[in-house]
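Just so you know, these numbers come straight off a predicted model, no measurement behind them. When a ligand or atom number is given, it counts from 1 through the structure's own listing order. Numbers for residues simply follow the sequence, beginning at 1.
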Amino acid sequence: MNILLLGGGGREHALAWKLAQSPLCGKLWATPGNPGIAQEATCIDLDAMDHAAVVEFCRANAIGLVVIGPEAPLVDGLADSLRDAGVPAFGPSRAAAQLEGSKGFTKDLCERANIPTARFYRTTSLEEAWGKLKRFDPPFVLKADGLAAGKGVIIAETREEAQHALHDLFEGKFGSAGSEVVIEQFLTGEEASFFALTDGETIVPLGTAQDHKRVGEGDTGPNTGGMGAYSPAPVLTEELQSQVMREIVEPTVRTMREEGMPYVGVLYAGLMLTKDDPQLIEYNARFGDPECQVLMMRLESDLVELMLACAQGRLGEVKAPELSDDFALTVVMAAEGYPGTPKKGGTISLGKAEADGAKIFHAGTQLDGETLTANGGRVLNVTARGPTATEAQKAAYAAVDAIEFPDGFCRRDIGQREVRRERHG
Ligand code: AMP
Ligand code: GLY
């Protein structure tokens with residue numbers, strides 16, 4: 001079966017790598033792809049926002065499955081256009097992608113379905129928002145309602161800071177994403193991510209992960225898209241995972257179906273493990289980046305079979321996903337300047353980095369003739385496996401050290417929390 005993969009980052013390189021391993025995979029296309037993805041797929045230039053062009057490509061090339069990597073085309077309704085044209089798509093409809101596209105939508109759903117989440121208030125008015133701050137204690141959590149490329153959350157320590165931030169949000173600092181704002185109660189605990197696949201009815205867990213959002217070691221400095229990740233996240237014990245399925249994921253999928261917005265694809269739940277219970281911080285309607293890279297590194301099942309079963313409403317008929325007991329850990333190598341303005345064009349030599357079983361996923365690279373160069377903030381995802389977090393970390397950094405990328409940097413403490421736990425029990 002021919003497959004079209006949308007996207008061009010490290011997440012999509014990991015998906016392409018796994019899709020291509022399936023005996024069900026015929027010709028694999030990717031758009032726009034990147035030099036790493038090009039090792040697995042034929043890269044083409046299609047505008048994902050031009051739904052008619054994507055549908056036409058699928059018809060002309062007998063595409064049997066479209067895998068939509070990033071959130072923007074999902075929120076834009078590409079999966080609807082494909083399904084309307086009879087092309088199976090892995091990814092939620094426009095209506096179902098509101099779980100990521102509108103924080104207010106998700107909070108309201110949590111209220112209707114009695115899902116544990118921080119107390120909140122939704123508003124479209126600056127004056128009202130200022131007034132409602134009184135109902136919350138510092139630090140104040142303020143969120144732009146819509147997609148803001150991971151930058152729409154502000155944690156303000158004081159009321160004054162919160163007032164300034166609300167002003168910025170409503171003044172359009174995040175474009176139309178900020179025309180509505182959610183104010184939330186601040187939650188404390190450890191954060192972890194839980195992934196599930198669903199065809200709208202059947203739900204199967206797909207593992208856990210933790211990422212490192214801050215740019216600097218020891219979780220300091222500005223937020224990024226993620227500087228590294230590891231899987232599993234043992235802090236999400238079997239028992240907690242069952243609780244997350246029962247109290248958060250299942251009621252979400254059921255309510256979406258009952259309300260005529262069946263959710264198809266991967267549901268990524270960002271959780272806060274508070275001292276009382278796991279609470280939902282946010283949903284994403286796609287795989288995390290770089291969490292996907294570590295999940296794919298552990299996935300032993302046929303990804304094409306699973307994704308197609310989701311797209312065709314047959315998830316109950318296929319074997320549930322199996323993940324290796326190994327840890328997988330990925331270190332993001334970023335270009336100097338990230339998350340501000342990353343330096344473009346830095347040369348990269350991968351050398352023998354993959355010699356000992358590590359896998360280098362390309363996130364932001366391009367080929368200048370024969371030379372691999374940086375073309376983005378997050379450039380490479382250096383990923384390795386091991387029986388413990390300690391060994392996976394060691395293998396990943398050994399691969400990092402084999403790479404020459406003078407204009408790049410990485411955090412040296414990815415997975416450190418888990419390594420410390422392993423050391424001290
Ligand atoms: P989000 O984009 O919703 O994942 O938020 C980004 C980050 O902000 C999360 O990963 C948390 O670290 C933090 N955050 C979001 N909501 C809350 C909350 N209610 N309490 C504490 N931290 C939060
Ligand atoms: N790594 C966080 C995300 O993909 O949203």
Salt bridge (charged side-chain N to carboxylate O under 4.0 Å, His left out) against Arg385, all qualifying residues, sequence neighbours excluded: Asp326
Enumerated ligand 1 atoms positioned under 4.0 Å from heavy atoms of [X]:
X: Gln185; value: 18 (C), 19 (N), 20 (N)
X: Lys213; value: 10 (O)
X: Glu184; value: 16 (N), 18 (C), 19 (N)
X: Lys103; value: 2 (O), 3 (O)

Short side-chain donor-acceptor distance under 3.5 Å, Gln393 and Gln416: yes
Nearest-0.5 Å distance that lies between atom CD1 in Ile68 and atom CG in Leu6: 6.0 Å
Ile360 side, atom CD1; Asn381 side, atom CG - distance, nearest 0.5 Å: 9.0 Å
Where at least one partner belongs to residues 100-124, residue pairs that pass salt bridge (charged side-chain N to carboxylate O under 4.0 Å, His left out), sequence neighbours excluded: Glu100-Arg286, Lys103-Glu282, Lys107-Glu184, Asp108-Arg122, Arg112-Glu259, Arg122-Glu180
Option set Ile281, Asp219, Val153, criterion heavy-atom distance to atom 6 (C) of ligand 1, minimum: Val153
From the candidates Ile154, Leu280, Thr188, Leu187, the one that places a heavy atom nearest atom 21 (C) of ligand 1: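 When every heavy atom of Ile154, Leu280, Thr188, Leu187 is considered, Leu187 comes closest to atom 21 (C) of ligand 1.
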Residues Ser81, Val54; criterion side-chain contact (heavy atoms from CB on, under 4.5 Å); working and verdict: CA-CA 9 Å; Ser81 302; Val54 177; over 6 Å; no
Contact with ligand 1 for Lys143, non-hydrogen, under 4.0 angstrom: yes
Pairs flagged by ring pair (Phe, Tyr, Trp, His ring centres under 6.0 Å) wherever residues 100-138 is involved - sequence neighbours left out: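 Every candidate ring pair (Phe, Tyr, Trp, His ring centres under 6.0 Å) pair involving residues 100-138 fails, so no pair, neighbours aside, qualifies.
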Under-4.0 Å heavy-atom contact with ligand 1, by part of Met272 that carries it: side chain
Donor-acceptor pair, side chain of Gln210 and main chain of Glu191, under 3.5 angstrom: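 Checked: pair present.
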Residues, nucleotides or ligands: over 12 heavy atoms within 6.0 Å of Asp401 CG: yes
Validation row: Met333, Ile348 side chains within 4.5 angstrom (heavy atoms):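 No. Closest side-chain heavy atoms not under 4.5 Å.
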Amino acids contacting ligand 2, non-hydrogen cut-off under 4.0 Å: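 The 4.0 Å shell around ligand 2 contains Asp211, Gly225, Tyr268, Asn284, Arg286, Gly288, Asp289, Pro290, Glu291.
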